[in-house]
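Structure, as structure tokens:
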Amino acid sequence: DFVKTNYPNDFSKWVDSLTPEAKGIFSESIDSTKWYPVESGAKEPTEKIGKMFFNGDLEQGAWEAGRYSAEKALTGIYKIFVKAANPQYIIKRASRIFATYYRPCLMDVVETPNNGVVVEMKKITERCDTIERRILGWMEMALEISGCRDINITNELVRSEEDGKVVKFDMRWN
């Protein structure tokens, strides 16, 4: 939807640039109840966005795609809910949803300081900067929609555990 909305004349070119597996996903209507592999359903298409529309800047492409996704998900009928709820609650709910998209990972809010929230994504078998940047962009836009300003978001590998790596997303705002 990001490409269709922002680059409608290049949508077919973008789809054609994908591998057959990814192309199969995006050539048809996306089923929001179906699970898609991260590689062909998110990583590759997002990287192509960066290459084609952000002068090869994969991080910026992922960030903008994540922001767009949050804007689509959290506006309309949900905008009143997002404005009424506190930002920590929005991120906590979003963390549960992200864990269903990026299996087998788990996401938990581990700290809620004043004007902040810290989330850990666990059970990551292999880190993917593209996916992490997409999540960061989503979280930034969600916080903006909920009224936060001067947002600062970082991510870092904090430790490795027996069942995978743990990445921390630290969000602060005024």
Side-chain angles (χ1 to χ4, degrees), residues 1-3 5-7 38 41-161 163-174:
D1 197 40
F2 174 82
V3 176
T5 300
N6 294 296
Y7 308 97
V38 171
K43 181 183 177 202
E44 178 192 342
T46 302
E47 287 176 349
K48 294 288 184 177
I49 287 170
K51 288 177 184 172
M52 290 181 68
F53 308 115
F54 293 90
N55 296 319
D57 189 338
L58 305 185
E59 290 183 358
Q60 188 64 32
W63 193 278
E64 294 301 328
R67 287 179 55 82
Y68 177 85
S69 179
E71 187 173 29
K72 292 296 283 186
L74 300 175
T75 55
I77 62 171
Y78 295 110
K79 190 168 189 168
I80 294 168
F81 166 74
V82 173
K83 288 278 191 188
N86 74 37
Q88 288 95 341
Y89 180 76
I90 300 299
I91 297 300
K92 185 175 184 175
R93 297 289 298 169
S95 297
R96 290 185 199 155
I97 294 167
F98 280 128
T100 64
Y101 284 110
Y102 301 114
R103 292 186 222 163
C105 84
L106 298 173
M107 291 183 83
D108 295 312
V109 172
V110 294
E111 190 180 337
T112 54
N114 288 338
N115 296 337
V117 62
V118 178
V119 174
E120 285 187 349
M121 186 163 67
K122 303 173 183 178
K123 295 188 177 187
I124 302 168
T125 54
E126 182 180 326
R127 284 190 72 190
C128 177
D129 191 55
T130 301
I131 298 301
E132 289 179 30
R133 295 291 291 185
R134 190 174 171 125
I135 291 169
L136 288 166
W138 197 101
M139 290 178 173
E140 179 185 62
M141 179 56 82
L143 292 171
E144 284 179 16
I145 292 169
S146 70
C148 299
R149 298 290 170 249
D150 301 321
I151 300 164
N152 182 30
I153 302 178
T154 60
N155 64 313
E156 65 175 315
L157 176 68
V158 290
R159 66 184 177 277
S160 291
E161 296 178 341
D163 58 351
K165 295 171 179 48
V166 178
V167 173
K168 177 174 77 172
F169 297 90
D170 191 334
M171 294 156 262
R172 308 294 167 135
W173 58 83
N174 290 325

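Note: hydrogens, waters and symmetry copies are ignored here, and every other heavy atom, side chains too, is used. By convention here, the first residue in the shown sequence is residue 1.
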For a quick test of reading the model, state the closest non-hydrogen atom pair linking [X] to [Y] and the distance between them.
X	Y	result
Arg67	Gly137	CG-O, 3.1 Å
Ala65	Ile49	CB-CD1, 4.4 Å
Glu132	Phe169	O-CE2, 4.0 Å
Ala70	Ala142	CB-N, 4.1 Å
Ile145	Glu71	CD1-CA, 4.0 Å
Lys92	Val109	CA-CG2, 3.6 Å

Problem - Glu126 atom CD, neighbour heavy-atom count above 12 within 6.0 Å - result: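 No, CD of Glu126 has 12 or fewer neighbouring heavy atoms, counting only those of other groups under 6.0 Å.
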Handout entry: Asn174 atom CG: more than 12 heavy-atom contacts under 6.0 Å
Key = yes
If I take atom [atom1] from residue [X] and atom [atom2] from residue [Y], how far apart are they, to the nearest 0.5 angstrom?
X	Y	atom1	atom2	result
Arg133	Asn155	CZ	CG	7.0 Å
Trp173	Asn114	CH2	CG	9.5 Å
Asp129	Leu136	CG	CG	8.5 Å
Asn115	Asn152	CG	CG	12.5 Å
Leu106	Ile124	CG	CD1	10.0 Å
Met171	Glu111	CE	CD	11.0 Å

Handout entry: From Glu44, Glu47, Lys43, residue fulfilling side-chain hydrogen bond (donor to acceptor under 3.5 Å, both in side chains) relative to Thr130
Key = Glu47
Exercise for the section: Mind running side-chain contact (heavy atoms from CB on, under 4.5 Å) on Met121 and Ile135 for me, showing each step along the way? Expected result: CA-CA 11 Å; Met121 186 163 67; Ile135 291 169; 4.0 Å; yes
Problem - Those residues that, when tested against Arg172, pass side chain to side chain donor-acceptor pair (under 3.5 Å) (two or more places apart) - result: Asp170
Problem - Arg93: partners by side chain to side chain donor-acceptor pair (under 3.5 Å), with sequence neighbours left out - result: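 Arg93 satisfies side chain to side chain donor-acceptor pair (under 3.5 Å) with no residue once adjacent residues are dropped.
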Problem - Given Arg127, Lys165, Lys168, the one that forms salt bridge (charged side-chain N to carboxylate O under 4.0 Å, His left out) with Glu156 - result: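 Among the candidates, only Lys168 passes.
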Between [Y] and [X], is there a side-chain heavy-atom distance shorter than 4.5 Å?
X	Y	result
Phe2	Lys72	no
Tyr89	Thr112	no
Tyr68	Asn6	yes
Trp138	Leu74	yes

Fill in the blank from the handout: Between Gln88 and the options Ile91, Asn86, Ile90, the side-chain contact (heavy atoms from CB on, under 4.5 Å) test singles out Asn86
Practice task
Please work out whether the ring planes of Tyr7 and Phe54 are parallel, tilted or perpendicular, with thresholds of 30° and 60°.
Solution key: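 Because their plane-to-plane angle is over 60°, the rings of Tyr7 and Phe54 count as perpendicular.
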